Amino acid sequence: MKKLVLILVLLFANTVFSQQIKLEKGKYFVDGQQISTRETRQLLLTDYKATRLFQKAKSKEGIGGLLLGAGIAMTVTDLAIGLFSDVKYPTAITYVGVATMAISVPILSGRRKMIKEAIDSYNQTAKQLGSNDDSFKYQIVANQNGIGIQLKF
C-alpha cells in the first residue's frame, strides 16, 4: 500500500501544481471542464491570499444577494397590498425595501473583481510552482529509523 501511494504521489505531484483556473461568464473551468464553486474553493486552498479573496467575494455575494432579495420582496409585497386593498400606496415598507436594494448595490459591486484577483493570484502561484523544478524534490534518506524517501514541496 505504501508503495502504491508513493508511486501515485510521484506521478501526480507535478500535475497538481499546474492546474490553471479560467473564469468565463461567471463559471470556473480547469482544463476545459467546468468545475463547481466548491471545487474551485478546494483548489484555491493552496494559496492563502487567493482563498481569502475568494471567501470575501463569496461573503459579499451572499450578503448582497440577501439584501437585494429582501428589498425586492418588501417592495413587491407592499405593491400587491396597495393594488388589492384600499391602503394608500406607497407605505414605509416600500421605502425600506428600496433603501435595502440601494444598500445591496455597493456591497455587490466589488465581488467580481475580487474573484478575478483570487483566480489570478492562484494561477500565478500555480504557474511558479509548476515551472520551478526545485519546488518538488524527493530523495532517499537513511537514519537510525531505517531507509526512506523524503519529499519536499
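Residue numbers start at 1 and run along the sequence shown. Computed from a predicted model, the values in this text were never measured in an experiment.
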Under a 3.5 Å distance rule, please check whether Ser109 uses its side chain to pair with a backbone N or O of Pro106 as donor and acceptor.
yes
Could you check whether any side-chain heavy atom of Ile140 comes within less than 4.5 Å of a side-chain heavy atom of Ile147, counting everything from C-beta outward?
yes
Indicate yes or no: at least one non-hydrogen side-chain atom of Tyr28 is less than 4.5 angstrom from one of Ile119.
yes
Using the side-chain contact (heavy atoms from CB on, under 4.5 Å) rule, pick out the option among Glu117, Arg111, Lys116 that qualifies with Lys113.
Glu117
Could you tell me whether Glu61 and Lys58 make a salt bridge, using a distance below 4.0 angstrom between a side-chain N and a carboxylate O?
yes
Taking every heavy atom of Pro90 against every heavy atom of Tyr95, the minimum-distance pair comes out as CG-OH, 3.4 Å
Single-linkage hydrophobic cluster, 4.5 Å side-chain cutoff, Leu44 and Leu23 together
yes
Answer yes or no: does atom CD of Gln33 have more than 12 heavy-atom neighbours from other residues, nucleotides or ligands under 6.0 Å?
no
Do Thr37 and Phe54 have side-chain heavy atoms sitting under 4.5 Å apart?
yes
Taking a hydrophobic cluster as the set of Ile, Leu, Val, Met, Phe, Trp and Tyr residues connected by side-chain heavy atoms closer than 4.5 Å, whether directly or through intermediates, do Ile107 and Leu66 fall within one such cluster?
no
Would a 4.5 Å heavy-atom cut-off, applied to side chains only, mark Ile81 and Ile93 as touching?
no
Would you mind reporting whether Gln55 and Arg52 have side-chain heavy atoms less than 4.5 Å apart?
yes
Heavy-atom pair with the smallest gap, counting every atom of Ser104 and Gly64
CB-O, 3.5 Å
Between Thr125 and Thr46, is any pair of side-chain heavy atoms under 4.5 Å apart?
no
In terms of hydrophobic clusters joined by side-chain contacts under 4.5 Å, are Val96 and Leu79 together?
no
Looking only at heavy atoms, which two atoms of Thr75 and Thr94 are closest? And how far apart?
OG1-O, 4.0 Å
Ignoring hydrogens, what is the shortest heavy-atom contact between Val141 and Gln150? Give both atom names and the distance.
CG1-OE1, 3.5 Å
Does Leu67 offer a backbone N or O that forms a donor-acceptor pair with the side chain of Thr100 under 3.5 Å?
no
CD/Gln20 to CG/Leu43 distance, rounded to the nearest 0.5 angstrom?
11.0 Å
What distance separates Met74 CE from Thr91 OG1, expressed to the nearest 0.5 Å?
11.0 Å
Can you get from Ile115 to Ile35 by hopping between Ile, Leu, Val, Met, Phe, Trp and Tyr side chains that sit under 4.5 Å apart?
yes
Are Val98 and Val76 connected in a single hydrophobic cluster, I mean Ile/Leu/Val/Met/Phe/Trp/Tyr linked by side-chain heavy atoms less than 4.5 Å apart?
yes
Tell me if the OH atom of Tyr89 is crowded by more than 12 foreign heavy atoms within 6.0 Å.
yes
